[in-house]
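Notes to accompany the following structure.
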Amino acid sequence: MTTPTTVLFVDDDRDFLQSKQLYLEARGYRVLTVESPDAAMALLERETPAIIFLDLMMEHVDDGFRLGYRIGKDERLSHIPLVMLSGVAAETGTRFDGEAGGLREWSRLARFLDKPVTGKQVLAVIEELAVVTPDGEPAAV
Amino acid sequence: MAEGSILIVDDEYGVRSGIRTILEMEGYEVAEAADGASALAALDERDYDVALLDYRLPDTDGLSLLQTMKQRGCEAMICMITAYANIDTAIAATRQGVDFFLPKPFSPDDLEGVIVTLLRHKKARTEAERLRAEHEASLLALAEEKTQTHSLVSSLRDAVLVVNRDGDVVLANPPMLELLELGEGEALMRPAQELLGGGALATLGEQLAAPAKDRTVRQLEIGEQAWMTSIVTFRDDDGEARGRILTLSDISEVRRLAMEKQKFIRTMVHELKSPLGSIKGLLEVVTDKSLGEDLDQYLPMIARADHRIDNLVELIRDLLTLARSEQAPEAEEAELVPVAPVLDEVAELARERGGQRGVEVITDLAEDLPPALIRPDDLQLVLSNLVGNAVKYNRDGGTVTIRGAVVDGWLRLDVADTGIGIREENLARLWDEFFREKRAETRELEGNGLGLSIVKRLVERAGGRLEAASVEGEGSTFSVLLPA
């Protein structure tokens with residue numbers, strides 16, 4: 001039996017977390033959810049997920065970017081692909097896709113997804129980006 | 001009938017009466033003086049068109065009298081009459097301002113001819129004088145208008161720069177001088193291009209020199225301020241271009257409001273899209289049958305989706321209320337509303353909601369509390385929001401106290417709770433749309449952050465004000481003050 005791929009979601013919306021968890025668990029993934037950046041950092045001390053989905057606006061408008069930066073600075077975690085989720089994008093004329101001002105590089109953002117994000121979209125991104133070894137083991141520890 | 005007034009100054013009675021007879025027959029108005037002193041006295045009385053002066057008078061001579069007369073502002077035409085005429089006296093007399101020289105003896109026709117000529121001259125002189133005065137007056141008015149225009153332009157809030165055809169500055173008002181960092185008068189007649197220089201204003205220099213079709217109204221940022229710039233050509237009455245006027249209007253406040261609106265819309269979009277995303281996610285689990293075929297498994301998720309939809313509907317309702325609260329009220333919509341019945345209703349609802357958690361709701365209104373002048377719906381909204389918050393953010397077994405009294409001329413309603421309180425640094429932001437204090441204690445409490453924004457606007461719309469005081473961990477008091 002192979003070890004399931006672990007996916008982490010950081011979002012302050014419990015319904016969003018629950019739905020993604022159920023959708024992905026039905027497909028054999030191990031899903032971790034936390035509701036704040038601090039809780040994420042605490043969890044990451046003992047877990048090394050294969051991919052992390054971050055909500056941009058949590059307590060502060062740029063929590064997602066800050067958390068991305070903190071993860072990127074940690075050598076043990078810096079290889080994990082980060083996917084930013086946000087409901088604020090092109091329609092307001094505001095660029096939150098992290099291209100502006102080097103934010104994307106700063107927070108090591110691999111992808112930006114505009115909310116609402118379906119389970120199907122999440123699945124496609126995981127299949128493309130998650131760091132998975134051929135036998136399903138997480139890539140690095 | 002001839003018109004004109006004539007003063008005869010001669011010491012010989014015969015001469016005086018002779019001249020008088022001739023002139024009166026022609027219809028002139030005639031007065032006589034026998035010497036210099038009485039001539040001056042007569043001139044003090046009134047003006048004459050023509051004065052006939054004898055060269056020799058008992059108390060003075062004609063030329064000395066003439067000088068005194070001129071000094072006193074006499075404007076009569078002067079004709080010297082004398083029997084001692086010679087060319088030297090004539091020249092001397094003319095130099096001293098004598099208009100005509102009539103040697104004695106003279107015929108009535110001679111006299112009449114002289115008088116007619118002098119009166120014509122006098123008329124021409126008066127007309128010329130009138131025209132000169134008129135011209136002077138209009139010059140004065142023009143100067144005054146110029147001053148007025150100048151002070152008008154000076155008192156404008158907009159920065160104004162006027163240049164002539166050569167591009168030299170002819171007027172720069174104080175706001176413009178401030179922008180250019182120049183003192184009063186330092187800009188005058190200097191090339192505008194040079195003054196606008198190479199800094200933030202350089203593009204304006206180019207625009208000012210550009211042909212009209214290439215000029216546009218544009219926005220310019222200088223430091224913290226935003227300006228809207230425009231350039232127009234000014235023309236004289238004949239349509240000839242005389243120069244250009246550059247105007248910079250300060251639109252910082254407009255821009256700030258626009259940015260605030262942008263921020264509001266951004267947040268609103270976030271607040272609408274987030275729950276929609278969650279609802280979509282919950283439904284996706286159902287349609288995906290992520291939990292298998294048993295439908296009962298999905299009921300909690302459908303209930304959650306339903307609840308999120310309710311919250312969205314409430315959010316949209318609050319957004320509409322917020323928009324409505326920004327409009328000026330129709331005067332007739334405000335009524336004198338007795339507070340007690342509205343408060344009783346609100347308190348009863350709060351007791352139902354707070355009952356389970358043991359929150360007590362106490363009302364304490366002064367007996368002679370006057371009615372509030374406000375839209376009845378608005379008062380209901382204000383009180384239900386504040387009392388609702390007081391219950392929601394209270395501790396279990398806490399108390400909500402609503403007091404009403406007239407204080408310092410205001411109808412004052414205090415809603416006090418014994419709840420989690422508000423952090424001091426957040427008190428000022430309480431009224432911001434969508435603001436919610438994110439703390440461990442508020443994590444489980446739902447809300448869209450619009451309630452207090454709405455309350456504040458409704459209270460202010462009724463001419464009142466809203467105040468908040470709080471101690472974190474001990475409770476908050478919101479005070480509504482309405483004109484009593």
Exercise. Which residue pairs satisfy the salt bridge (Lys or Arg N to Asp or Glu O under 4.0 Å) criterion with at least one member in residues 446-458 of chain B, sequence neighbours excluded?
Worked result: B/E326-B/R457, B/E433-B/R457, B/K456-B/E460
Which atoms form the tightest heavy-atom contact between [X] and [Y], and what is the distance?
X: A/P4; Y: A/G28; result: CB-O, 3.2 Å
X: B/L430; Y: B/F435; result: CA-CD2, 4.0 Å
X: A/Y23; Y: B/S290; result: CA-OG, 3.6 Å
X: B/T321; Y: B/L381; result: CG2-CD1, 3.7 Å

Problem set entry | Residues of residues 293-314 of chain B with any heavy atom under 4.5 Å of a heavy atom in chain A |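 Heavy-atom contacts from residues 293-314 of chain B to chain A are B/M301, B/R304, B/R308.
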For this session: Enumerate by number any residue of residues 282-289 of chain B whose heavy atoms lie under 4.5 Å from heavy atoms of chain A; in the absence of such residues, state 'none'.
Result: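 Result: B/L282, B/E284, B/V285, B/D288.
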Problem set entry | N-O pairing of A/D13 and A/K20 below 4.0 Å | no
For this session: Please identify each residue that fulfils ring pair (Phe, Tyr, Trp, His ring centres under 6.0 Å) with A/F9, with sequence neighbours left out.
Result: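 So A/F9 forms a ring pair (Phe, Tyr, Trp, His ring centres under 6.0 Å) with A/F53.
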Exercise. Out of B/L319, B/V382, B/L322, which residue meets the side chain to side chain contact (heavy atoms under 4.5 Å, CB included) rule with B/I454?
Worked result: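 Looking at B/L319, B/V382, B/L322, the match for B/I454 under the side chain to side chain contact (heavy atoms under 4.5 Å, CB included) is B/L322.
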For this session: Select one option (side chain, backbone, both, neither) describing which atoms of A/E25 are under 4.5 Å from chain B's heavy atoms.
Result: neither
For this session: May I ask you to check whether A/S36 and A/D38 show a side-chain donor-acceptor distance below 3.5 Å?
Result: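 There is no such pair (donor and acceptor under 3.5 Å, judged by atom type) between the side chains of A/S36 and A/D38.
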For this session: With the side chain counted from C-beta on, respond yes when B/L386 and B/V455 share a heavy-atom pair under 4.5 Å apart, and no when they do not.
Result: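 They are in side-chain contact.
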